[in-house]
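Below is one structure, written out as structure tokens; the observations come after it.
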2 protein chains.
Amino acid sequence: MKKVTINSVAEYAGVSKKTVSRVLNNEPNVSPATREKVLKVFEELNYKPNPIARGLAQNRSFIIGCLYDNPSKSYITRVQSGALEACQKHSYNLLIHPCELRGQDLIDNVEQLLTTSRLDGIVLTPPFSDSNELIAFLKQRNIPYARVASAIEGDDSISIRSNDEQGAFELTEHLINLGHTEIAFIKGHPDHSATENRFSGYQKALAKHGIEYRERLVAEGNFSYHSGADSAKAILDLEPRPTAVFASNDYMAAAVLKLATQREIKVPEQLSIAGFDNAPIARHIWPGLTTIAQPVEEMTRIAVEELIKHITQPQEAPFQQVLEAKLITRESTKARSSS
Amino acid sequence: MKKVTINSVAEYAGVSKKTVSRVLNNEPNVSPATREKVLKVFEELNYKPNPIARGLAQNRSFIIGCLYDNPSKSYITRVQSGALEACQKHSYNLLIHPCELRGQDLIDNVEQLLTTSRLDGIVLTPPFSDSNELIAFLKQRNIPYARVASAIEGDDSISIRSNDEQGAFELTEHLINLGHTEIAFIKGHPDHSATENRFSGYQKALAKHGIEYRERLVAEGNFSYHSGADSAKAILDLEPRPTAVFASNDYMAAAVLKLATQREIKVPEQLSIAGFDNAPIARHIWPGLTTIAQPVEEMTRIAVEELIKHITQPQEAPFQQVLEAKLITRESTKARSSS
DNA sequence: CTGAAAGCGCTTACAG
DNA sequence: CTGAAAGCGCTTACAG
């Protein structure tokens, strides 16, 4: 069975291949009769256009690449979900590409990606959205990109982030308003700008309410559940034990909850726990976690939509937006017991 | 700045473009001197080959597509992780494409996917790996595919699955050996063949041990946490209350645990709970869930590796394999209290 | 409304 | 070891 191409169709239908192309792309300037005829031949020959040939002629692939290196699986899932929504809306496809920020071969790796697949644009998620090196490389290669949750200010490109500092501030204030003053804090991964922002929100809330900042209450995590478990151990061993723990994401908060429950420390009666992100796990455990809802899907969806817009009409000014983070209170936080 | 192509390089280096192509692809039959010269020009001109042009000439894209429609996010994460591992090893890229099995436009949707992006192969995950309609379509379109966790026996294509029935049998037997006879069961999504297999393992274990099967102990879930919560409510309301619950995946088991804890039913003292999959959540909650480790990453990795092998050398007989599912006991199951 | 020509940037098959 | 020609299957720019 011979391959059916635009040429076979043209020949069979007795028209030029340009006319076939016009019918294919729903262009005007084809008489209804001709259009009918060609469409019929499409069916008869079971013609399917070749996306690669079209791509070569138009110099585009209709593929967006998504770069990530994130210990939080649910974060990635949410990123993908937002990116896919935007892609589907505009008939683009999504190619996923995890890689390591710290590998000294990051640029080689992305170079290799671009050599294997032509990408019309790339969406950068943390920590890549903060990598000046990578951004410089993409600029030099002239690849359109959009940044999600990036803290870089100077770059003149599409950027959508949420207000992490404000969110952390509100969450800390929520704990303070419940009477807590001994509030432990678990930091995130040092490569993510969110880590510094959330930490800063925590510190500012303490300062505003005249609570002394104590370094002994701060543990170094990296957003993974495992790092949360390690930090939890350090914090729950402190004497006197803090009455509240604010973890920089929900996974780590879940780890604190697990250890507390194991040690029969009652949550929230004896210990309040809060997270960040509003990941699914925050509502899948008991008690449910008080947290900050970060609009990950929405950030990524908007980023990819703007990216596609920019690919189609590069003249527009780069879109930049800051979304609000919102406090969600659940059962894991409670007024400090007066004991 | 003019675009740098194989032609500019050839001209600049004073060789034919075929020679440039040879250097590009590390083919033999180029004198070391010529090779050197061309490589130098690559650098000087900063030449980057165009993957689309290569794709058109070779009629391949080096892209594998992954189809899924699964309420369990962690399952998808694990599928992707296995698929990516295989892709990276062979310099392929992964394009993800969620879509709905039940949409009457499934075929249209995949058709559209194939029209937008040339895929060298497709990996089908549940429930698509069991869709005869989709499989027939891919065959007709001559697209190589591999099936993950498919129960279809007749199809002569790459297939990797795990032994779900055996796993469910072992888990049920584990509960029976702990003295439980009132074992509730939560089924999975009816479109997934795993659902029937796990259910059957449960029934066979009961039968082997002379325990009567009672329909009232069986709830209909769909693998989502939410459906687990609904089923949990039905089961925990039963009088007398069962002493053990076996949920067809860990998400649903986690939902049972949450409700039990909320109602102050002690797990595992008053209620044993078990899941299936060994998803991350099984060890992120307390008590940790007894479950069956399903090698999702490995199944998918092997499936994609075989798929790539098949794309390169279509002559081989289709690879089919069944992996073992393994019992993991944690704190959520315990001998029935003799009260 | 329609088409002939040239081109997208590579590789394949062949000749020398 | 090297290259000229043809081709992959489309679209673009132009002419009529």
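Below, chains carry the letters A, B, ... as their sequence lines are ordered, and counting in each starts from 1.
- At distances below 3.5 Å, not a single donor-acceptor pair connects side-chain atoms of B:N93 with backbone N or O atoms of B:I63.
- No contact: B:N59 has no heavy atom under 4.0 Å from any strand.
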*Pairs counted as Watson-Crick or G-U wobble with both distances under 3.5 Å: what dot-bracket string results for DNA chain D, using | for bases tied to another strand?*
|||.||||||||.|||
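- In plain terms, the two heavy atoms of A:A303 and A:V123 that are nearest each other are CB-CG2, 4.5 Å.
- Formation of a donor-acceptor pair under 3.5 Å by the B:T312 side chain with backbone atoms of B:I308 is found in this model.
- Taking the side chain as every heavy atom from C-beta outward, B:F128 and B:C99 approach each other to under 4.5 Å.
- Atom CD of A:Q58 is surrounded by more than 12 heavy atoms from other residues, nucleotides or ligands within 6.0 Å.
- As judged by a 4.0 angstrom heavy-atom cut-off over every strand, B:N25 is placed among residues touching the sugar-phosphate backbone only.
- Ranked by how close their nearest DNA chain D nucleotide is to the 5' end, B:G14 and B:A57 are led by B:G14.
- Across the interface with DNA chain C, nearest-nucleotide mapping of B:L56 and A:T19 shows A:T19 to be the residue nearer the 5′ end.
- Considering only residues two or more places apart in sequence or on other chains, B:H97 meets the ring-ring contact (aromatic ring centres under 6.0 Å, His included) condition with none of them.
- As judged by a 4.0 angstrom heavy-atom cut-off over every strand, B:P49 is placed among residues touching the sugar-phosphate backbone only.
- You'll find the side chain of A:P49 reaches within 4.5 Å of the side chain of A:R54, heavy atoms only.
- Side-chain atoms of A:S159 do not come within 3.5 Å of backbone N or O of A:Q321 as any donor-acceptor pair.
- Protein chain A contacts DNA chain D from D:dG9 to D:dA13, reading 5' to 3' and using non-hydrogen atoms of the protein with a distance under 4.0 Å.
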